[in-house]
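Below, chains carry the letters A, B, ... as their sequence lines are ordered, and counting in each starts from 1. These figures come from a predicted structure and were not determined experimentally. Computed over heavy atoms, backbone and side chain alike; hydrogens, waters and symmetry mates excluded.
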Amino acid sequence: MGVKRKRKVIMFDVVGDRAIPKLNKTNCDVSNNVNSLINRWNGRAYTQRFYDILEKRKTLPVWHQKEEFLKALKDNQTLILVGETGSGKTTQIPQFVLETLELESRDKCNKYMIACTQPRRVAAMSVARRVAEEMDVNIGEQVGYSIRFEDCTSSQTVLKYLTDGMLLREAMTDPLLGRYNVIILDEAHERTLSTDVLLGLLKEVQKNRPDLKLVVMSATLEAEKFQGYFCGAPLMKVPGRLHPVEIFYTQKYEDDYVEAAIRTVIQIHTCQPPGDILVFLTGEEEIEDACRKIKKEIGNFGDSVGPALVVPLYSTLPPAMQQKIFDPAPSRLMPNGPAGRKIIVSTNIAETSLTIDGIVYVIDPGLAKRKVYNPRTRVESLIVSPISKASANQRSGRAGRTQPGKCFRLYTEKSFHNGLQSETCPEIQRSNIANTVLTLKKLGIDDLVHFDFMDPPAPETLMRALELLNYLGALDDEGNLTRLGEIISELPLEPQMGKMLVVSPELNCSNEVLSICAMLSVPNCFVRPRKAQKAADEAKARFAHIDGDHLTLLNVYHDYKQNNDDQSWCSENFVNYRVLKSADNVRQQLACIMARFNLKLCSTDLNSRNYYINIKKAMLSGYFMQVAHLERTGNYLTVKDNQVVHLHPSSRLNHKPEWVIYNEHVFTSKDFLRTVTDVRGEWLIDMAPHYFDLVNFPHCEAKRVLEKLYKKKERKADINTKKLSFRVTSGTCILV
DNA sequence: GAGCACTGC
């Protein structure tokens, strides 16, 4: 038999890749006959592993509804599928679809492709790997994935997992997404900005492409809302495979939720059977604090309780520390002593992004930090706020992955039913959407006011976005995309930053501005370990540029490159190596896009007094709407909307210049400007006279200063014209 | 003299 297999392989190899799908029609369909020996995708004999996995796949809940699903897909253009955790939808549904497409196209030899979107890169990558394994093919061949910085697909790829943002990018060059026959939007209930834009876009595209099938997959009952949105598309429910989780509520409202959470941890650890604990808190400081207290309290019990491994978990934790959540619980201290337990104290990251097996107890105070955008003040803030019922259920589900579990909700049952929203407010209603608007314009959506969003953004947010894009020159007064806007829309940057990058070659500083853009696109690169805060601050001071934080970032990048991207140089200087490496990645990607638009890379002579002036002018060309003025009172006021703001203490800019531009205005304990640079008033009216036009300008010191600057500029212009006319009339100078 | 929920292009 082994010999026979080999022969077949040889035969297919000679024929070549292209012909394989056609030749394979001689093989039996895997789903109908598991005994077929040859993999139709690559003509190779199936490995034993394939059969082993196949047996497991068949036990997934979604397999029982395979025929039902395929029939519904055949009869409808759009299908909604609700499948809870463990249903197998993400790995199996795309394979079911693939099987039908392959059957349909066997004789016609058509090319076809399926896309399956994921909100996160890691998921796109790991699910693609898993499915390639299940299909017994090499990753990147028939099954691949596409995420930023990494395209793992080939001409043979028929099933592609990709991030939702990546599919949006593809739509920018291929508005009808012509290469796909079926698009599957997974985790649609998370309602990320990109998913919401895709929902609206695909609904639109389907009108022009009746052949394009869409499967919207969701884990919650919000699916019924999707059903309404897609005009009654059929809804299929697939059961999940979780163990039952018992829910407990508190009798009364707990006002100190951290204290209540710690108390609950101790109670579980001292009184409940073995099993790990997952606690949800809101932020880094709170989590570190709680971990210390839990360790201390458990320590007080001595040997009467089991040993505990207490680990924090949040996104900015270094990966090596994050790995600790997968360490096994400590073993008993004595043969008959109490069992050890792992206690994980985490942010929302454990709600969706990371799954940890072995959790039996979940403690949920019902809160999370969430981003909120106020279009009136244009400020994004992080606010601790109640989670939704959907989130609460997701959290409790984390207790039932490996065995029946318990979830302790630190709020009353009444407040769960009456106080919590059923679903989390979609991101599009909580964010600045300038970038989204630009993307939609590029996708050919002209009328945004009437665009069919599932949940439209607030009108004022839309207005703010259009206003910003118009001031930047990305949209004309009719709201049409300009050539500049087109270029900016292709850059994976916020529009202000895109503008400063596009303008930078004209100011002869695109190399430097490109580096600054890259540094602003990655997380904070400065490391400040609790045990070496002073040394870290001193290291940071060595990079400091007197004119501000943007130029400090440029210094860091330059030093990093001058030291040959050296990892030990990074740790000696308290900068994060991974972050700088990814800045380098971003820089390369941006440079490629610039080359496509013939934007040249150039620098002003480092010794020229214009070296930094040009860079700052380029920054102003994009960020002229983010300027603050120092009043005589000693406070900074944002220009035009006159909000009192403070320079963030992390800023190295300590001489309080009269005018500053800032990258971010955030509200935390105060109104802070983060990443700030010194600029000159004259440049404001030079770089953005249309914005600083003084008509409709609110009365404030900034206005009076600008008035003086305008007058000075006029006088200068007068003198120049006089000089000019004198010269011309005297004939000493000929204007050519 | 303060902080950084989480993603994504």
Side-chain angles (χ1 to χ4, degrees), chain A residues 117-124 146-151 162-173 187 190-198 280-289 312-317 346-354 367-372 380-385 387 391 394 424 426-428 430-431 435-436 438-439 442 488-495 497-498 517 521-528 530 533-534 536-537 540 576 579 582 585-586 589-590 592-593 646-654 664 666-674:
Chain A
T117 67
Q118 295 293 318
R120 282 167 291 278
R121 299 160 50 98
V122 181
S146 173
I147 57 180
R148 188 181 185 182
F149 305 128
E150 203 183 338
D151 181 11
L162 72 179
T163 47
D164 45 17
M166 207 63 201
L167 187 60
L168 259 185
R169 287 275 141 182
E170 286 188 4
M172 283 167 69
T173 47
E187 314 288 359
E190 287 193 27
R191 305 291 307 275
T192 66
L193 243 172
S194 298
T195 300
D196 268 22
V197 174
L198 279 173
F280 285 100
L281 289 179
T282 66
E284 174 180 340
E285 211 181 300
E286 199 176 89
I287 286 168
E288 293 287 356
D289 202 42
L313 177 65
Y314 43 86
S315 75
T316 49
L317 201 67
S346 168
T347 60
N348 252 358
I349 192 169
E351 192 183 302
T352 48
S353 309
L354 272 171
L367 297 166
K369 249 184 215 175
R370 282 201 313 168
K371 186 176 69 185
V372 182
E380 272 185 351
S381 23
L382 282 172
I383 309 237
V384 174
S385 46
I387 60 171
S391 275
Q394 177 77 14
T424 308
E427 202 185 355
I428 198 164
R430 297 183 282 121
S431 316
N435 220 345
T436 306
L438 193 62
T439 306
K442 170 70 186 172
I488 297 176
S489 74
E490 298 267 344
L491 294 162
L493 299 171
E494 61 173 21
M497 217 187 287
C517 288
S521 299
V522 294
N524 178 18
C525 67
F526 296 107
V527 184
R528 198 167 183 251
R530 204 178 283 273
Q533 293 187 345
K534 196 161 166 257
D537 288 345
K540 188 172 175 183
N576 186 326
V579 168
S582 80
N585 243 335
V586 175
Q589 189 191 26
L590 294 174
C592 279
I593 301 172
H646 308 268
L647 302 188
H648 196 277
S650 67
S651 171
R652 304 306 307 176
L653 194 71
N654 33 29
E664 274 180 302
V666 290
F667 180 80
T668 49
S669 58
K670 268 187 196 169
D671 268 285
F672 284 116
L673 302 184
R674 244 195 328 232

message: Please tell me if A:Ser315 has a side-chain N or O lying less than 4.0 Å from either OP1 or OP2 of B:dC6.
response: yes
ask   = Counting any heavy atom closer than 4.0 Å, what does A:Arg120 reach on the DNA or RNA strands: base, sugar-phosphate only, or nothing?
value = sugar-phosphate
**Study point:** A:Glu427 side chain to A:Leu193 backbone, donor-acceptor under 3.5 Å
**Key:** yes
**Prompt:** Between B:dC9 and A:Thr163, is there an OP1 or OP2 to side-chain N/O distance shorter than 4.0 Å?
**Reply:** yes
Taken to the nearest whole Å, NE2/A:His648 to C1'/B:dG1 is 9 Å
Name the nucleic acid region contacted by A:Asn524, choosing base, sugar-phosphate or nothing; use a 4.0 angstrom heavy-atom cut-off, strictly under. base
Per nearest nucleotide of DNA chain B, the residue lying toward the 5' end, A:Leu382 or A:Arg528, is A:Arg528
Assert: residue with more 5' nearest nucleotide on DNA chain B, out of A:Leu493 and A:Tyr314, is A:Tyr314
Taken to the nearest whole Å, CG/A:Leu438 to C1'/B:dC9 is 12 Å
To the nearest angstrom, the CD-C1' distance between A:Glu288 and B:dG3 comes to 13 Å
All heavy atoms of A:Lys540 vs all of A:Ser650, minimum pair found to be NZ-O, 3.1 Å
Taken to the nearest whole Å, NZ/A:Lys670 to C1'/B:dG1 is 9 Å
Determine whether A:Phe149 and A:Val586 satisfy the following criterion, side chain to side chain contact (heavy atoms under 4.5 Å, CB included), listing intermediate values before the conclusion. CA-CA 8 Å; A:Phe149 305 128; A:Val586 175; 3.8 Å; yes
Exercise. Hey, does A:Thr347 reach any base, or is it just sugar-phosphate, or nothing, if we go heavy atoms under 4.0 Å?
Worked result: sugar-phosphate
Of the listed B:dG3, B:dG8, B:dC4, the closest approach to the A:Glu284 side chain comes from B:dC4
Regarding the side chain of A:Glu285, the nearest nucleotide among B:dT7, B:dG8, B:dG3 is B:dG3
Whole-Å distance, A:Leu313 CG to B:dA5 C1', equals 12 Å
Between A:Thr352 and A:Gln394: side-chain donor-acceptor atoms closer than 3.5 Å = no
Is it true that A:Glu187 and A:Arg120 make a salt bridge, defined as a side-chain N closer than 4.0 Å to a carboxylate O? no
A:Ile349 has its side chain closest, among B:dC9, B:dT7, B:dG3, to B:dT7
### Task
Using a heavy-atom cut-off of under 4.0 Å over every strand shown, decide if A:Ile147 touches base, sugar-phosphate, or nothing.
sugar-phosphate
query: Hey, is CD on A:Glu285 packed in by over 12 heavy atoms from elsewhere, all under 6.0 Å?
result: no
A:Lys371 has its side chain closest, among B:dT7, B:dG1, B:dA5, to B:dA5
When rounded to whole Å, the CD1 to C1' distance for the pair A:Ile383 and B:dC4 reads 15 Å
Closest to the side chain of A:Lys369, out of B:dC9, B:dG3, B:dA5, is B:dA5
Of the candidates B:dG1, B:dG8, B:dC6, the side chain of A:Pro649 sits closest to B:dG1
| task | Assign A:Arg674 to base, sugar-phosphate, or nothing according to its heavy-atom contacts below 4.0 angstrom with the strands shown. | result | sugar-phosphate
Separation of B:dC4 atom P from A:Asn576 atom CG, nearest Å, is 16 Å
In whole angstroms, the gap separating P of B:dC9 from CG of A:Asn435 amounts to 13 Å
